[in-house]
Amino acid sequence: MSRTSAPAPAEPAAVENPSTTAADAPLSHGLKQRHLSMIALGGVIGAGLFVGSGAAIAAAGPSIVVAYAISGLLVMLVMRMLGEMSAANPASGSFSVHAERAIGPWAGFTAGWAFWFLLCVAVGLEAIGAAGIVHGWLPGVPEWSLVALFMLMFCVTNLAAVKNFGEFEFWFAALKIAAIVLFLVIGVLAILGLLPGTDSPGTSNLTGHGGWLPNGTEGLIVGLLASVFAYGGLETVTIAAAESEHPVQGVAKAVRTAMWRIAIFYIGSMAVIVTLIPWNSESLAKGSYVATLEHLGLPAAGEVMNAVVLIALLSAMNANIYGASRMACSLVARGQGPKALGRISGGVPRIAVLTSSVFGFTCVLLSYWRPDDVFMWLLRTIGAIILVVWFFIAVSQLILRRRLEREAPEKLAVRMWAYPYLTYAALVGIAVVFVLMARDPNTRLELYYTGGLVLLLSAAGYAHQRSRAKAAAAD
């Protein structure tokens, strides 16, 4: 992908006006500041943190704390750049709109549809995971019926007014945050030896069992790759900001607090876990949080954490259907998708919601019909999409920042730190992750599949851009 090869986009009709994102009617502004703040908080805490961190710890050992800190720093830089652009020009298409303004319509097309595809497939994955948990509690209920129930519930939620999405996400996020804060409090008490019935482990688990880097730098790299993809979900807040009461102030506040949220929830959790439990404990396979609580002898810890993971999965389903529908609506508003998807009624893009939900449900069916080929192909295809999105964000910020400083410096309510040096540092970091994925046999195939999808979308986007330019010239 070339950073600057596309011609600069024309500013007028091609770029989404955040206040009118479809031909029929504008999106509503039903999200309050409390909704936006909690969406930002909850977006940090995904099922990947609760479930996937166990495998990452098994690979990296105690150095997983360093892996999460490095990837967390990269995410902070990306979110700061995205926050700068979104505060200056709030739009439901978020980074897709910014890429179109900065690089060209083909870039907005590529980033937008790739992200839409990612979210739709993710909805299917989350539905499968949530159904599996509930099926464990209710074995007499078939999993497919639970999948259908969850899909129907969140489809209906997103078809209604946006404030319904906001309320669901507010309470889901509140429960997730309460659970992780409680975990951290219990963990710190146990580390200090203040938890009844437990002794302080000191640094034995950090320095013993092979030391800080038990599997060397290769183990650290595996942990780093796992941690990068655990941070997905933060982008939703900039999409939601366009439908909030005060989009500029809302996104600015959410982005400014990203640093301490990442430090506490992710890095803090990893530090507590590897301090309390040996990194090579077999119990980590069932989930790092469950293993830690059971290690402390807390009753029913496994079921409690299963309930928390279920909430995280349902929250992600809700947010991903919302994000996918808004991204599709934004793309249509800029002439880059079927017009029917952009039709808005009652302030909600209902056709886009239905389409995104149906696609998610189809992915679930594929996991049953063709688990060995089609569904695995979909999973591999979305493997590195988030890195592609981050790449577009960084390149767009480099270009748009100069433009804003020249044309409208008053719009810079949020500023990227040490611009342009940290932007270049983020681009280098993203490139390094791509290289590490190419080196690792477990992630190389995902990189190739994602690359194929991105090239296909880029070609389609560029062809669409050329055809529109020819049509405009003919007029």
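When reading the values below, keep in mind they use all heavy atoms of this one structure, side chains included, and skip hydrogens, waters and symmetry mates. Quick caveat: nothing in here was measured; it's all calculated off a predicted structure.
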Quick one: [atom1] on [X] to [atom2] on [Y], what's the gap to the nearest 0.5 Å?
X	Y	atom1	atom2	result
Ile273	Ser281	CD1	OG	11.5 Å
Leu118	Ile382	CG	CD1	5.5 Å
Glu126	Ser315	CD	OG	9.0 Å
Ser145	Phe150	OG	CZ	9.0 Å
Leu427	Gln397	CG	CD	9.5 Å
Leu341	Thr355	CG	OG1	4.5 Å

Are any non-hydrogen side-chain atoms of [X] and [Y] less than 4.5 angstrom apart?
X	Y	value
Val348	Asn158	no
Met79	Ile393	no
Trp390	Val228	yes
Ile399	Arg101	no
Asn215	Trp279	yes
Tyr424	Leu398	yes
Met416	Leu422	yes
Tyr289	Ile180	yes

Under 3.5 Å donor-acceptor, [X] side chain and [Y] backbone:
X	Y	value
Ser86	Gly83	no
Ser356	Val353	no
His464	Gly335	yes
Asp440	Leu436	no
Thr450	Leu447	no
His135	Pro142	no
Ser71	Ala67	yes

Open item on the list: Is it the case that over 12 heavy atoms from other parts of the model lie below 6.0 angstrom from the CZ atom of Arg444?
Closed with: yes
Task: Residues, nucleotides or ligands: over 12 heavy atoms within 6.0 Å of Trp144 CH2 - done: no
Open item on the list: Applying side-chain contact (heavy atoms from CB on, under 4.5 Å) to Ile385 and Tyr449, what does each step give before you reach the verdict?
Closed with: CA-CA 10 Å; Ile385 284 178; Tyr449 272 85; over 6 Å; no
Open item on the list: What verdict does the side-chain contact (heavy atoms from CB on, under 4.5 Å) test give for Trp116 and Ser325, after you've listed the backbone C-alpha separation in whole Å, the side-chain angles of each residue and the deciding distance to 0.1 Å?
Closed with: CA-CA 8 Å; Trp116 178 84; Ser325 64; over 6 Å; no
Nearest heavy atoms of [X] and [Y], plus distance in Å:
X	Y	answer
Val274	Gly61	CG1-O, 4.2 Å
Gly93	Met327	O-CE, 3.3 Å
Ile128	Glu143	O-OE1, 4.5 Å
Leu310	Ile133	N-CD1, 3.8 Å
Asn89	His98	O-CE1, 3.5 Å
Phe183	Ser269	CE2-O, 4.5 Å

Does one side chain, of [X] or [Y], offer a donor that lies under 3.5 Å from an acceptor on the other?
X	Y	value
Glu294	Ser283	no
Arg334	Ser96	yes
Arg326	Ser330	no

TODO: Would you sort out whether Cys329 and Ile344 count as a side-chain contact (heavy atoms from CB on, under 4.5 Å), showing the intermediate values?
DONE: CA-CA 9 Å; Cys329 182; Ile344 294 176; 3.8 Å; yes
TODO: May I ask you to decide if the ring planes of Phe392 and Trp106 are parallel, tilted or perpendicular, using 30° and 60° as cut-offs?
DONE: perpendicular
TODO: Please work out whether the ring planes of Phe95 and Phe115 are parallel, tilted or perpendicular, with thresholds of 30° and 60°.
DONE: perpendicular
Task: Evaluation steps, side chain to side chain donor-acceptor pair (under 3.5 Å), between Trp137 and Glu303 - done: CA-CA 9 Å; Trp137 296 332; Glu303 291 308 318; 2.5 Å; yes
Task: Pair Val428-Val432, side-chain contact (heavy atoms from CB on, under 4.5 Å): steps then yes or no - done: CA-CA 6 Å; Val428 170; Val432 167; 4.3 Å; yes
